[in-house]
Structures are given as structure tokens and as C-alpha cells.
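Worksheet: the structure to be examined is printed underneath.
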Amino acid sequence: MALRIYNTLTRRKEEFVTLAPGRVAMYVCGPNLYGPSHVGHAMSYLVFDVIRRYLEYRGYRVTHVQNFTDVEDRIIEAARGEGTTIQALAARYIDRFLREMDGLGVRRADHYPRATETIPQMVQIIQELERRGLAYAVDGDVFYRVTAFPGYGRLSGRSLDEMQAGARIEVDPRKEHPMDFVLWKAAKPGEPAWHSPWGPGRPGWHIECSAMSIAMLGPQLDIHGGGQDVVFPHHENEIAQSEGYTGRHPFVRFWVHNGLLRLTADEEKMTRHLGNIVSIREALRRFHPDTIRVFVLSSHYRSPTLWSPEALEAAARGAERLRTAVENADDLLASTARPAAAAAEMARPFAELAEAAGDGGAAIRARFEAAMDDDFNAPGGLASLFDLASAVNRAVDAAARRRAGLTEEQREVLGRGVARLRELGAVLGLRLVATATPAQAAALYRLAQELSRERPDLFDPARLRSVPQPAPEPAAGEDAGSDPGPSADVAFRPLVEMVAEGRVRARRAKDWATGDRVRARLAELGVLLEDTPDGFKWRVR
RNA sequence: GGCGACGUAGCCAAGUGGCAAGGCAGGGGUCUGCAAAACCCCCAUUCGGCGGUUCGAAUCCGCCCGUCGCCUCCA
């Protein structure tokens, strides 16, 4: 079956055909670097990360370009407010942005062009537009002449007349038409400026994406992405600029726009100037990256979505379900203690798992691809993963009920099931590996200290001293701490094991009260201890 | 005001003509010292409302109600 993608330009799903066979040129509008990014940005970049991963899974070679807007009114304003330069401000937020993307598991783009590094190309484009009668200069400013570009308004589905009628802002009287937009701004005193044929100035916002995408990917793109809020005017203007300059049509084959995130039901979209945001850093402190992904992928990328505690909690439980299936299957595959048994009760779940994990028409892979081929229907793809996890769980459960080890064949089937779950999970960017947050590691260390002080007979103080102390928990406060991602695993494992083994000693002595108390304390930290016939198991929420 | 989306169980959410995926929550059971996880069973005769087209509609058409986006910086 062929991949179909909804194209904002045509308002239809269209079969995905690339300009060059097997290759995809994809440009995604990146952040303006005037401040920290929020989970609305994260949602957009997660969506395009999954699109990129799926295209690569489908065999395309994707060149993924994402820009950084590092000169713009707000950045200048923010830098001035902090008494720093736009360069220093941009450098700081780029560094932070990339760490946050890493924390979310967003794969890095192939190129991250920056507006300030593309000024000569912008000047060249503006000059050419001027030469072609598509732009005009007034007092050091240069405007785009929208009436000279026939297709203006097509992407956003509106006509110049409508927009003129609905205009709500004061129009610069120097503009020939109210919808003309600025390509180049004359510098005001004290502002960063570059030399140009029109005098010192800086680029307008829209021109940078035309210049950067043409410079990195050529005159035509396969996919250009962004949030639905940049359809107009940003992307509309990009078409006018790029096609006006290159004369090539279409500038973009597929315009892909994600729906916007809202913070609460009675508020509008999450946006920095309204202040109704949850920063990516804050989200990563509170949630496993898989939780954030499952949340985002639970609704279709074009639907508007609500960032709600209930939905995040459901996503956390869902991510945990997938992760637990992988962990439990791995544990069974790793254990060799029990004799293999090909019990009759085990035949059916293993046969069903074999089918689900295979490559036939009823297999999970086929369902996954059918969903993703239909305009990246990630909720459908995710649903198929849950069904695969259930099949894995049923096989593991059958073996557990028989208290049986696995035959070679069963081992092979289960191994294939888990491998498939990991493989398709990775296409959605899911790690399916538990990670603890720095806060959890710090709290666990305190618990271990407390226990070894109270009951040194059970919880060995010498052992605690041999465990590296985790980095202190970053203070609350937006800019505190430099690392947003979960990174505490090194110190975490020995700590959990030290505490859990002490609890084993207590339980061996039938001291259920101590055992239950320790389990409850760990649970408060998000560490779940489970007792199995083969000893304890633990996992992180 | 103009343009465009959307409205599916307690919550989140797929499904765009043939008897309503999946997740979370909830109820009952198996397992367990107690738990947890997992497994089994149950949980929308119904898809905002009213009409229409059709043998047949959540899915197509019309009207109404509600929500959201864009029209201005914005992922």
C-alpha cells in the first residue's frame, strides 16, 4: 500500500511521491530563540520526528533541516532586557533546545541553519525579487508586493480581498497593499544590523526560511512542516518568496501542519507570549520521555490536543504497559532455571504470538504500516503495538502459570515478538526502557541512608558508601540545572538493589511489616518492587 | 465579521457508506503472606441535536447547537 499524506495546500490526502526517487527533502520550522521552548513546540518536533522515522523505516533517505531563528524583534528585546547580545542569547537557547530534544528522543536534524548565517542568501533573494517587480524598497525597508504574485493566499485558502476586509491592525501607509509584508527592515539605532543594498538593516521573519531551505535543500522541497499557526502568514509568504525567486512551482510538494496544544480547556493554544506554557524542561522533569511521546501519539497529529494531567497519567500507564511487556519477556528469555515444557496450554498463545510477530497479512507489522501509511495515523499504529504487547504478555503468562521454561521454538517466537515490539516502538521513537529522573535518584539515596541508619543489620551502610552519590536534585525554578534529561541510571540501580536486598532479608525472617513498609516507601518514589517465585523484580514508573 | 477544522463510553482517542480499534479509569475472577505486574471476563444497540439521501450512515447532504484554529508575533 502506498503512503498517503494530507496536504494543507490541497486539503486532501495525496499519495506521497517524492521529487527524487527514494529521497525526501524535509524542512521543519524551528524555534525562535528568544526564550525556553514549551511542550507545544515539543509536540511539533515529536510529530516530525516520527514522520521522519517512519519515512526512513519505509526506505526513504531523508534530509531533515530545521532552522533556528536567531534574529528577530523578540530576541533583540530579550537580549536587551538581559543586557546581553542576541548571539549569546541564541547560543544559550540553542544549547538548551538541543539537550531538550535529546531528552525527548527527537533525532537530530541533518542541518540546523541559522538566520544570521544566511544573510547573504536572503539579500540575494530580495534583490532578485525586487528585480522581478515582486518587491519594492521604501526608506531602507523592503516589502513584498503580494498583488504581483498570482497564487497568494492559496495555502491558507483566502483571497486578498477577504484579508483586506478582515485586517485588524494599523497598516503601514508606505505599503502599496495592506497585506504586503516586510522582507528587510532598516535598522533602528542600537539594533543589530547587516550591510545591504538598502542600507544597514536586518531580515524580516519570513525570508529566512526561504533562504535557508533553498540553500540547504534546493528550490523545491518534498515536505515542509510546522504548526498550524504558521500556515498564515509565514508559510504563505514563504511560497510567495521562494517561487517568486526561483520561478519553480511548487516550492513544496507536501505542506504538513500539526494541530496545536492547549494547556486547559478554557484557554487558547499554549504560546509563550500568553505565558500559559509548560516548558519542555519541566515536562522532562516530571515525565518519562516515552510518556510524553505516547501522549502526543495518542491523538492524530492534525488534531488540537489538550495537555491535561489525566491524559498524561493515562499516557504514563500506557507507556508503562509497553515497557513492562518488554521487561517481563526479557526476564523470561534470560532465565534458564526452569525445565522447558511444551504444555498444551502454551501452544495457543505462542501460536498467536508467532502470527502477530510474523510478516503475514494478520501480523502487527501489516496493521502498523496500514495505519501509518494513512497520513501517519500514529494512534492506530500505537494501538497495534498494544495488541502485540498483549500477545507477548499472554505467552509469558502461559509459561508463568505452568512454571515452565521455554522450548527452543517458544524461545524463538517470544524473542521475535519482543524484537518486533522494540522495532516498531522505535519507529515511533519509543525507548521502552525505564529511566529514573535525577529527583528520583536523589530521593532514593536519602531513603537508603535512612534505612541503613535505622536497620544496619538489613541495609548495609558499607555498601551504601560504595555507591556513588547521585547529583543533587536541581532546584525548582526554570533555569536551575543544566541537564533536563533523565540521567540518573548509573547511581540508581545499585541503590535499588541495596534496598531491595535488605528487604529480602526482612521477608526471609517473616518480618512482613518492614518488607511492606520498604515497598511502600519505594513506591512513593516511583520504584515498584514485585515479588515473584524467582525473587524480586523492580521497575521505575 | 470572514475563512477553516472539529464534536465518538467516566476520561483520552481511532474509525469517513455495511453490524463501534486501542489506552486510562472502574467492576468481577486467577495468581500472591499481603501487594504489584500479567492473564481471563464485564464496561457505547450507539457516535452533539433535528431532518434528508440510501437496501444500509458515526461515516454523504441540509439546518441548528457547541468547541477550537487562522485572519496580528506564534510550533
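In this text the structure is predicted, and so the values were computed from the model without any measurement. Chain letters run A, B, ... following the sequence lines, proteins first, then strands; residues in each count from 1. Computation of the quantities below employed the complete heavy-atom set of this structure, encompassing side-chain atoms and omitting hydrogens, waters and symmetry-equivalent molecules.
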Any donor-acceptor N/O pair under 3.5 Å between [N] base and [X] side chain:
| X | N | value |
| --- | --- | --- |
| A/R321 | B/rC24 | no |
| A/D511 | B/rG33 | no |
| A/R401 | B/rC31 | no |
| A/R272 | B/rC74 | no |
| A/R507 | B/rG33 | yes |
| A/K269 | B/rC74 | yes |

Pairwise [atom1] distance for [N] and [M], with rounding to whole Å:
| N | M | atom1 | answer |
| --- | --- | --- | --- |
| B/rU46 | B/rA58 | P | 11 Å |
| B/rC11 | B/rG26 | C1' | 11 Å |
| B/rU16 | B/rA37 | P | 34 Å |

Worksheet item: Between A/N258 and A/Q228, is any side-chain donor less than 3.5 angstrom from a side-chain acceptor?
Response: no

Fill in: Sub-4.5 Å side-chain heavy-atom contact between A/M26 and A/F254
no

Worksheet item: Should A/V65 and A/P113 count as side-chain neighbours, where that means a heavy-atom distance under 4.5 Å?
Response: yes

Worksheet item: Paired with B/rC55: which nucleotide, if any, by Watson-Crick or G-U wobble criteria at under 3.5 Å for both distances?
Response: B/rG18

Worksheet item: Where the side chain of A/R262 is defined as all heavy atoms beyond and including C-beta, which of B/rC11, B/rA75, B/rC68 is the nearest nucleotide?
Response: B/rC68

Worksheet item: What is the nucleic acid contact for A/G157, judged by heavy atoms within less than 4.0 Å: base, sugar-phosphate only, or nothing?
Response: sugar-phosphate

Discussion item. When you measure from the side chain of A/E355 to the backbone of A/E352, do you find a donor-acceptor pair of N or O atoms at a distance under 3.5 Å?
Written reply: no

